[in-house]
Novice: 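Encoded as structure tokens, here's the structure I'll be asking about.
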Amino acid sequence: MQYPMVHPFTFMQNPLIKHLSEDPYWTVSDDNKRPVNARLLLDTGNVYNAKFDGEWPLTTLQELDADQNLQAVNRAYRLRARENRVIAIDVEPSAPESMKQEVLEFPAHFTELSKNGGVHLLILVPEDLIHSENRYMFEELSVFKEPVPKPENPDEKPRGAHFEVLFNDHFVTFTKRMLTQKPCVDYNQDPEAKKKLADFLDNIVRMDTQRKKERELAKQYRIGMMKNIIDEEKEKVIESFISIKPFEKTKEQAESKTVSDFGGDASRYEMSVANGIAFHTIRIHKLAKDTMSFKDMAKSLTEQDLAYAIYLILKEVVPHREKHDETRDGLPWLLYTSKRAYEYVKAQNAKRQKK
């Protein structure tokens, strides 16, 4: 099946691509499908991997399309089904031809061939198809991979997954080898297509039953481990530490930022606030160890305790939103963000000391 790369204008005219085009979640990928820092690419022409421990590395599709040098280059989008309910289905080139043909015909908003002969679908799932049984996939999962059955012959190597469904915090790289003759589905006007999508989601939930149980057990273990590390007595010490006078300015500076400063992107806003709090927490901790009044308290605090201190301040400063009730790596969302911020600032400090 030969489908050449379409012009950027044709790619943009797809209704779902157009709908996503103003999201600042776009970039391009290198030959190994690693997403590139789009901001540095557009500003300097240099190619670096996209990282999320500093300035936001992604941009809008319009900005990429405005660069004439990038016309014949792929596009990559960072999925965030939590916010916009858009998912991608990625069928591997090694999948059976019958599966690939079935996916090519599956009702979707966008269909294309991948680099080596697989298939990509992009689908905006109607909200009324998201219910109590499958909601966790949209809110919590990054990627669902097809569970691979064990080979009947013990000497035989297990095959790779034939397909995966991408939900959150994962890039889909578009080749722009679109099936332009395939219509963009309208699930509200096509009950049969909507039922196919509902059946597909139900099947994914069934296939994920065992892994979901394993994830829940792992999550409970990690949360229990965190509670054992930060007991009530240690939490009181941490609260005493963040109540000392230098933290007043830390909180003032954190409160001076708003989500509107970050184009309405709440995750970027929270990460920036957390980075600022982490910078001051590490600095104040270092200073406190050299004082008579706070030396013993400061020396009793571990790195884990300092991340928790950042979390307590962050939780107080940023407005609550539904995402805060989610977990990442078994940690409450803001604690996970605080841990990342602590690690980032420590790394930046180490880099500066080397210089």
Novice: Return each pair, listed once, that meets salt bridge (Lys or Arg N to Asp or Glu O under 4.0 Å) where at least one residue sits in residues 180-191; pairs must be two or more places apart or across chains.
Specialist: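 Sorted result for residues 180-191: empty, none.
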Novice: If you look only at pairs with a residue in residues 126-137, which of them pass as a side chain to side chain donor-acceptor pair (under 3.5 Å), with sequence neighbours excluded?
Specialist: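 Listed once each, the pairs are R85-E127, D128-K194, H131-N134, Y136-D208.
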Novice: Suppose we screen for ring pair (Phe, Tyr, Trp, His ring centres under 6.0 Å). Which residues come up paired with F144, at least two apart in sequence or across chains?
Specialist: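 Per chain and number, F144 pairs via ring pair (Phe, Tyr, Trp, His ring centres under 6.0 Å) with no residue.
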Novice: Using links of under 4.5 Å between side-chain heavy atoms of ILVMFWY residues, direct or through other members, which residues join Y48 in one cluster?
Specialist: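 Direct or chained contacts put Y48 with L40.
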Novice: Would you list the pairs meeting ring pair (Phe, Tyr, Trp, His ring centres under 6.0 Å) in which at least one residue belongs to residues 59-101, sequence neighbours left out?
Specialist: W26-Y77
Novice: Apply side chain to side chain donor-acceptor pair (under 3.5 Å) to H324 and list each qualifying residue two or more places apart in sequence or on a separate chain.
Specialist: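 Scan of H324 (side chain to side chain donor-acceptor pair (under 3.5 Å), adjacent residues dropped) gives E270.
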Novice: Are more than 12 heavy atoms from other residues, nucleotides or ligands located less than 6.0 Å from atom CD of E343?
Specialist: yes
Novice: With H162, which residues qualify under side chain to side chain donor-acceptor pair (under 3.5 Å), at least two apart?
Specialist: R159
Novice: Please tabulate, one pair per line, all N/O donor-acceptor pairs under 3.5 Å involving side-chain atoms of residues 197-205, not counting sequence neighbours.
Specialist:
unit_1	atom_1	unit_2	atom_2	d
D199	OD2	K195	NZ	2.8

Novice: Please collect all salt bridge (Lys or Arg N to Asp or Glu O under 4.0 Å) contacts where either partner lies in residues 11-37, sequence neighbours excluded, each pair once.
Specialist: D23-R80, D30-R34
Novice: Ring centres of F241 and F247 under 6.0 Å apart?
Specialist: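 For F241 and F247, the ring centres are under 6.0 Å apart.
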Novice: Under the salt bridge (Lys or Arg N to Asp or Glu O under 4.0 Å) rule, collect the residues that match up with E239, sequence neighbours excluded.
Specialist: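 Expected list: none.
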Novice: Taking the ring of F110 and the ring of F11, is the distance between their centroids below 6.0 Å?
Specialist: yes
Novice: Name all residues meeting the side chain to side chain donor-acceptor pair (under 3.5 Å) criterion together with E105; count only those two or more places apart in sequence or in a different chain, and write none if there are none.
Specialist: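 E105 satisfies side chain to side chain donor-acceptor pair (under 3.5 Å) with Q101 once adjacent residues are dropped.
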Novice: What pairs with E233 under side chain to side chain donor-acceptor pair (under 3.5 Å), at least two apart in sequence or on another chain?
Specialist: none
